[in-house]
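Atoms considered below: every heavy atom in the structure, side chains included; atoms not considered: hydrogens, waters and symmetry mates.
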Amino acid sequence: MQPVGGREVFAELSRFRTGLYGCLSRRADAFFELTDALLCSDAPARTPVELSLTAEHRRGHGSLYAALNQGRLDVERLRDLLVSLPLPRFGGRIVLTVDVSPWLRSDAACSPGRLFCLVHGRAGRASDHVMPGWPYSFVAALTADRTSWTQILDAVRLGPADDAALVTAAQLRQVVERLVAAGQWKDGDADIMVVMDAGYDPMRLAHVLADLPVEVVGRLRSDRVLRGPAQTWAQYAAAYPAGGRPPKHGARFKLADPDTWPEPALTTSNDTARYGKAEARAWDRIHPFLTHRSAWIGDDGELPLIEGTLIRLKVDHLPGDRQAPPVWLWSSQTGATAEDVDFAWSSYLRRFDLEHTFRFLKQTLGWGRPRLRSPEAADRWTWLVVAAHTQLRLAAPHTTDQRRPWEKTSRPGRPLAPARVRRGFRNIRPHLASPARAPKPSRPGPGRPPGIPNRTKATRCDVGKTAKRPATLIERDRTGPE
C-alpha cells in the first residue's frame with residue numbers, strides 16, 4: 001500500500017471521520033457509534049445487536065436498529081468524500097474495477113426488490129445455482145501491489161426494473177466525473193483505466209463512456225466471434241476493380257479457432273514470479289459485429305464501429321501449479337504499444353484483489369449478515385461497512401500488528417491485512433476525532449400492549465425482474481409508447 005501522500009495519517013483519518021459525521025443527519029450519533037463498534041469489535045460481526053455490547057457503543061440496542069431503519073445519510077456527499085481521499089495509483093495512473101456481489105436473502109419473503117443472484121458452488125461450475133438477494137455493484141480503485149486492499153468508491157443496489165449495463169455505465173460515469181472534479185485526474189494525465197471481468201460488455205461500456213478520459217479493459221468469453229479491420233481504399237480497389245460499396249467489417253476472428261487469427265500486431269513476453277512466463281499477443285482495431293438485438297435494440301439508425309485492441313494472454317501455470325487456460329482481453333485503446341499491452345493485462349490481474357475485499361466485508365465486517373427487511377436499511381448498512389473499510393485502509397500505515405501466537409508474522413515492508421488492522425484499531429481510536437455526542441438519559445417506550453398481537457400482515461414480495469427487454473425490433477415497436 002502506498003503512503004498517504006506525505007500527510008499525517010491521523011489527520012487524514014480524523015478528517016474523514018468528521019466528514020462522515022457531516023453526512024449524517026437523522027440518528028447521526030447512533031449511526032456513527034455503530035461504525036466505531038464495528039471497527040473495534042474483537043470478533044467478526046455476526047449480528048448488529050452484538051455490536052451494542054462493545055464499549056464504543058454507548059447507546060442501547062434499540063438505537064442501533066433505529067439508525068439503520070430510520071437514519072438519514074447523504075450518500076452523494078459521502079461519495080464526494082470518498083473520491084477526495086488519496087488514491088492508489090499504478091505509476092501515477094488510476095485503475096478502477098467494477099463488480100457485483102450479492103447480499104443473499106433467500107428467507108426474506110417480505111423484503112421487496114430482491115433478484116435472483118448467481119452463487120458459485122464449491123464443486124465447479126456445475127454446482128452453481130441462483131438464490132434470492134440484493135445484488136450490489138461496487139466500484140473500487142486498485143493498488144499496484146498484490147495485497148488484500150482496495151479503495152471502494154461507490155456502491156449501488158440493482159433493482160428489479162434496472163438494466164445492469166445502464167446502471168454500471170451511469171455508475172462509472174459518476175465516479176469518473178467526481179474524480180475529475182476532485183482534482184484526482186487533470187488534463188495531460190493518462191486515461192483512467194477500468195478493468196472488468198467477463199460478465200460485462202466492455203465494447204458497449206467503451207461506447208457509452210467515449211466522452212470521458214477512460215480506457216476500458218474487459219475479459220471476453222473464449223467463444224466470441226469478432227471482426228478485423230476493414231480493407232483500405234487501395235486494397236479494396238485492387239481486390240474489386242468493378243467497384244461497389246466497400247465492406248464495413250474485415251475478416252471473422254473466432255477466438256476458439258486459431259486458423260482465423262491473422263498475424264498479431266505485436267507480441268510481448270515477461271517472466272513473472274507467480275505465473276511463470278507470460279506471453280501476450282495483440283491485434284489492433286478488432287471490433288464486434290453489432291446487430292439491433294440485446295443491448296443495442298433501443299438504438300435506431302446505423303450502429304457504431306467500436307474498435308480496440310484484442311489481447312491473448314497465456315501463462316505457464318496458475319498458483320499451485322494449476323493449468324492455466326488462455327485469457328482473452330479487449331481494450332478500448334487502438335494503436336497500443338508493447339508497454340500498453342503489458343500494462344493492460346497486469347492491471348486486469350489486480351482486479352481479483354476486489355474478491356478479497358468482498359470476502360473481508362462479508363466474513364469480518366458482517367456485510368450481508370443483518371436480517372433487514374427494507375432494502376433502504378440494507379443500503380445504509382452497506383455504506384456503514386464501506387465507511388468502516390475506508391477507515392481501516394487509512395489507519396493501516398500506523399497500526400501495530402496484534403498477532404496471535406498461532407498466526408504467521410507479517411512480512412517486512414508489506415501492509416497488514418485488513419483483519420489485523422481492525423484488531424488494532426481500538427488502540428488508535430482515542431487519538432482520532434469522535435464527533436458523536438454523548439447519549440442522553442431516556443426511558444424505553446411503552447411498546448405493544450400486553451395481550452394484543454400484531455394483526456397487520458406483512459406484504460409478500462415476488463423475486464425477479466419486473467422489466468423485460470424486447471427481443472426483436474417488432475416486439476420493441478409493439479411495446480413502445482403509443
Side-chain angles (χ1 to χ4, degrees), residues 87-101 137-153 168 172 175-176 190-206 209 213-224 226 255 264-284 286 288 306 308-319 322-334 336-358:
L87 290 180
R89 299 172 185 266
F90 286 61
R93 189 174 184 181
I94 300 176
V95 178
L96 306 179
T97 185
V98 58
D99 202 358
V100 174
S101 185
S137 176
F138 291 87
V139 175
L142 300 176
T143 60
D145 301 328
R146 187 169 61 88
T147 67
S148 300
W149 289 101
T150 60
Q151 183 170 342
I152 301 178
L153 302 178
T168 302
L172 289 173
V175 171
V176 173
D191 289 347
I192 299 174
M193 178 174 287
V194 181
V195 296
M196 58 197 67
D197 211 4
Y200 295 90
D201 186 356
M203 289 83 166
R204 179 163 180 81
L205 288 177
L209 305 176
V214 167
E215 177 186 352
V216 178
V217 176
R219 182 177 180 178
L220 303 179
R221 291 174 45 179
S222 59
D223 59 350
R224 289 286 300 268
L226 304 177
L255 304 189
L266 53 90
T267 303
T268 65
S269 180
N270 298 274
D271 293 327
T272 63
R274 190 171 178 83
Y275 304 101
K277 183 180 178 180
E279 182 183 51
R281 289 189 283 177
W283 293 265
D284 193 21
I286 304 298
I306 309 174
T309 301
L310 182 65
I311 304 172
R312 183 182 185 271
L313 176 64
K314 187 67 176 70
V315 298
D316 289 341
H317 57 82
L318 295 176
R322 294 175 295 166
Q323 185 178 3
V327 175
W328 290 94
L329 303 176
W330 185 87
S331 171
S332 59
Q333 181 183 8
T334 57
T337 63
E339 291 77 12
D340 297 332
V341 171
D342 290 339
F343 186 84
W345 67 258
S346 61
S347 300
Y348 171 79
L349 296 181
R350 294 272 59 81
R351 190 208 70 84
F352 295 97
D353 295 343
L354 186 59
E355 304 295 337
H356 298 282
T357 300
F358 287 156

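To the nearest 0.5 Å, atom CD of residue Glu215 and atom CG of residue Leu209 are 12.5 Å apart. In this structure, OG1 on Thr357 lies 11.0 Å from CG on Asp99, to the nearest 0.5 angstrom. For the atom pair CG (Leu153) and CZ (Phe138), the distance works out to 12.0 Å, reported to the nearest 0.5 Å. Between atom OH of residue Tyr275 and atom CG of residue Leu313 there is a gap of 9.5 Å, rounded to the nearest 0.5 Å. Rounded to the nearest 0.5 angstrom, Leu354 CG and His356 NE2 are separated by 10.0 Å. Atom CD1 in Ile94 sits 9.5 Å away from atom CD in Gln151 (nearest 0.5 Å).
Here the closest heavy-atom approach between residue Asp284 and residue Thr334 is recorded as OD1-CA, 3.6 Å. Heavy-atom minimum distance, Pro202 versus Trp330: O-CZ3, 3.8 Å. Ile311 approaches Ala280 most closely through the heavy-atom pair CG2-CB, 4.2 Å. Contact record, Thr143 with Phe90: O-CZ, 3.1 Å, taken as the closest heavy-atom pair. Between Arg281 and Trp283, the shortest heavy-atom distance links the atoms O-CZ3, 3.6 Å. Across Ala338 and Thr268, no two heavy atoms sit closer than the pair CB-CG2, 3.6 Å.
Within the 3.5 Å criterion, the main-chain N or O of Met203 finds a donor-acceptor partner in the side chain of Asp201. Between the side chain of Trp345 and the backbone N or O of Ala278 there is no donor-acceptor pair closer than 3.5 Å. The closest donor-acceptor contact from the side chain of Thr150 to the backbone of Ile152 lies at 3.5 Å or more, if one exists at all. Side chain of Ser269 to backbone of Glu279: no donor-acceptor contact under 3.5 angstrom is found. Checked by atom type and distance alone, the side chain of Lys314 never pairs as donor or acceptor with a backbone atom of Lys277 at under 3.5 Å. Without hydrogens or angle criteria, Thr97 side chain to Val195 main chain gives a donor-acceptor distance under 3.5 Å. At distances below 3.5 Å, at least one donor-acceptor pair connects side-chain atoms of Thr309 with backbone N or O atoms of Gln333.
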Using side chain to side chain contact (heavy atoms under 4.5 Å, CB included), reason through Asp342 and Asn270 one step at a time and then give a plain yes or no.
CA-CA 9 Å; Asp342 290 339; Asn270 298 274; 3.3 Å; yes
Stepwise, does the side chain to side chain contact (heavy atoms under 4.5 Å, CB included) test hold for Tyr348 with Arg219?
CA-CA 8 Å; Tyr348 171 79; Arg219 182 177 180 178; 3.0 Å; yes
Leu310 vs Leu220, side chain to side chain contact (heavy atoms under 4.5 Å, CB included): CA-CA, chis, key distance, verdict:
CA-CA 9 Å; Leu310 182 65; Leu220 303 179; 3.8 Å; yes
Where do Val98 and Leu96 land on the side chain to side chain contact (heavy atoms under 4.5 Å, CB included) test, with the steps shown first?
CA-CA 7 Å; Val98 58; Leu96 306 179; over 6 Å; no
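Asp145 has its side chain out of reach of Arg350: every pair of non-hydrogen atoms, C-beta onward, lies at least 4.5 Å apart. Between Phe343 and Val95, the closest side-chain pair of non-hydrogen atoms falls below 4.5 Å. The shortest distance between side-chain heavy atoms of Leu172 and Val139 falls below 4.5 Å. Residues Arg312 and Pro264 are not in side-chain contact: their nearest non-hydrogen atoms beyond the backbone lie 4.5 Å or more apart.
Taking the charged nitrogens against the carboxylate oxygens, Asp353 and Arg146 have no contact shorter than 4.0 Å, which rules out a salt bridge. Between Arg93 and Asp191 there is no salt bridge, since no side-chain N of the basic residue sits under 4.0 Å from a carboxylate O of the acidic one.
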